[in-house]
2 protein chains.
Amino acid sequence: MRLTEKRIAAALREHGYKLTPQRRVVIGAIAASPDHLTPADLYQKAHQDHPTIGLTTIYRTLEILARLELICELHAGGSCRSYTIGAPEHHHHIICSVCGEVVDFSGYDISPLEKRLSRETGFEIEGHLLEFIGRCQNCQQNA
Amino acid sequence: MRLTEKRIAAALREHGYKLTPQRRVVIGAIAASPDHLTPADLYQKAHQDHPTIGLTTIYRTLEILARLELICELHAGGSCRSYTIGAPEHHHHIICSVCGEVVDFSGYDISPLEKRLSRETGFEIEGHLLEFIGRCQNCQQNA
DNA sequence: TGTGTAAATGATAATCCTTTTCATTTAGAG
DNA sequence: CTCTAAATGAAAAGGATTATCATTTACACA
């Protein structure tokens, strides 16, 4: 068992979660892969070591690990896809985590970073996604 | 009909798409709202002006408008949620739009922008999402 | 102003992905 | 070893999105 796995196991225990074989397997699978894996990917991998594991358990384990910030989730939570008028490149968003309000902001030039990444990684950058999550003023007051 | 609606209509025509009443209604609904709207939201709004419109048409229209960059989609395309080991705050991602490979990068400090936004909008920022989409070197060569 | 045709529509069904439910099992404290 | 709350997994439910296909329609061209 590698260091990261031990650390995750310890963190689970610290927060009062039981360390089940199923959770070990999920943690092992996610720690062993350098790639981003979907819940279905992880189910498949975990299934090799633990054939009776249920998909539900994968989802539940991922939710816990993500909440404890032991794993990293690509794309912010909730369902994707909502739309507004206007071209994507000219502004970005701040989304209220409580009420869902979306505020746009502009005036931030991300192209220097884009150039640096293109140079360092060889990627031909086609676009980006920059969003902030937080609490709007209203929801701060109502808390 | 407002200016933005006319521009969108013109752009559709330019690209060889027909300007149907249904598309007009969807465009009108999205242009009239300052908020981000889900496909379901838009269906509801469009339905008021065009009671026989189908949800399928909403999806198809949104897909076209997004591809032409006439509207802005919140969250990058495709299905959400994949996971990797590690805490979210310490790195960001570049995702290949062809093969799906994910490359991490770090060393970019977003906190100055975060502070500026907090000051300007009153939001209490909880987190952010910064991702780049592009083509990795392999996929550039294979094209 | 008609007419023909490819494009667009919408009802329905099919697919996914994710969450809920609930009876059963189990980790781990004592 | 025992007990209990937590965890599991099968199944069903739910929700969002996509595919299918017969019908309708926008609009280019006569």
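Throughout, a chain's letter reflects where its sequence line sits, starting with A, and its residues are numbered from 1. What you are looking at is a predicted structure, and each value in this text was computed from that prediction instead of being measured.
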### Task
Give the nucleotide from the list dA8(C), dT17(D), dG28(C) with an atom nearest to the side chain of Lys18(B).
dA8(C)

### Proximity to the side chain of Pro21(A) - top-ranked nucleotide from dT18(C), dA27(C), dA26(D)
dA27(C)

May I have the distance from [X] (atom [atom1]) to [N] (atom [atom2]), rounded to whole angstrom?
X        : N       : atom1 : atom2 : result
Ile53(B) : dT24(D) : CD1   : P     : 18 Å
Tyr17(A) : dA5(D)  : OH    : P     : 18 Å
Glu63(A) : dT8(D)  : CD    : C1'   : 15 Å
Ile64(B) : dA26(D) : CD1   : C1'   : 14 Å
Arg23(A) : dT26(C) : CZ    : C1'   : 12 Å
Leu42(A) : dC17(C) : CG    : P     : 14 Å
Gln44(B) : dG15(D) : CD    : C1'   : 16 Å
His47(B) : dT9(C)  : NE2   : P     : 15 Å

### Query
With sugar-phosphate meaning primed atoms plus P, OP1 and OP2, does Arg60(B) contact a base, only sugar-phosphate, or nothing at under 4.0 Å between heavy atoms?
base

### Task
Under 4.0 Å between any heavy atoms, over every strand shown, what does Thr56(B) touch: base, sugar-phosphate, or nothing? Just pick one.
base

Is any side-chain nitrogen or oxygen of [X] closer than 4.0 Å to OP1 or OP2 of [N]?
X        : N       : result
Arg13(A) : dG28(C) : yes
Thr20(A) : dT8(D)  : yes
Thr38(B) : dA16(D) : no

### Task
Could you say whether Ala40(B) or Gln22(B) is positioned toward the 5' end of DNA chain D, judged by the nucleotide with the nearest heavy atom to each?
Ala40(B)

### Message
Give me the atom names and distance for the closest heavy-atom approach of Gln137(A) to Gly122(B).
### Response
CG-O, 3.3 Å

### Message
I'd like to know if the side chain of Glu114(A) reaches the main chain of Phe132(B), judged simply by a donor and an acceptor atom lying under 3.5 Å from each other, with no hydrogens or angles considered.
### Response
no

### Summary
Test side-chain contact (heavy atoms from CB on, under 4.5 Å), reference Val25(B), set Lys45(B), Gln48(B), His50(B), His47(B), output is His50(B)

### Message
Let me spell it out: for each of Thr57(B) and Leu55(A), pick the nucleotide of DNA chain C with the closest heavy atom. Which residue's pick is nearer the 5' end?
### Response
Thr57(B)

#### Entry: Pairwise distance CD1(Ile125(B)) to CG(Leu117(B)) - rounded to 0.5 angstrom
5.5 Å

### Query
If you draw a 6.0 Å radius around CD in Glu120(A), do more than 12 non-hydrogen atoms from other residues or ligands fall strictly inside?
yes

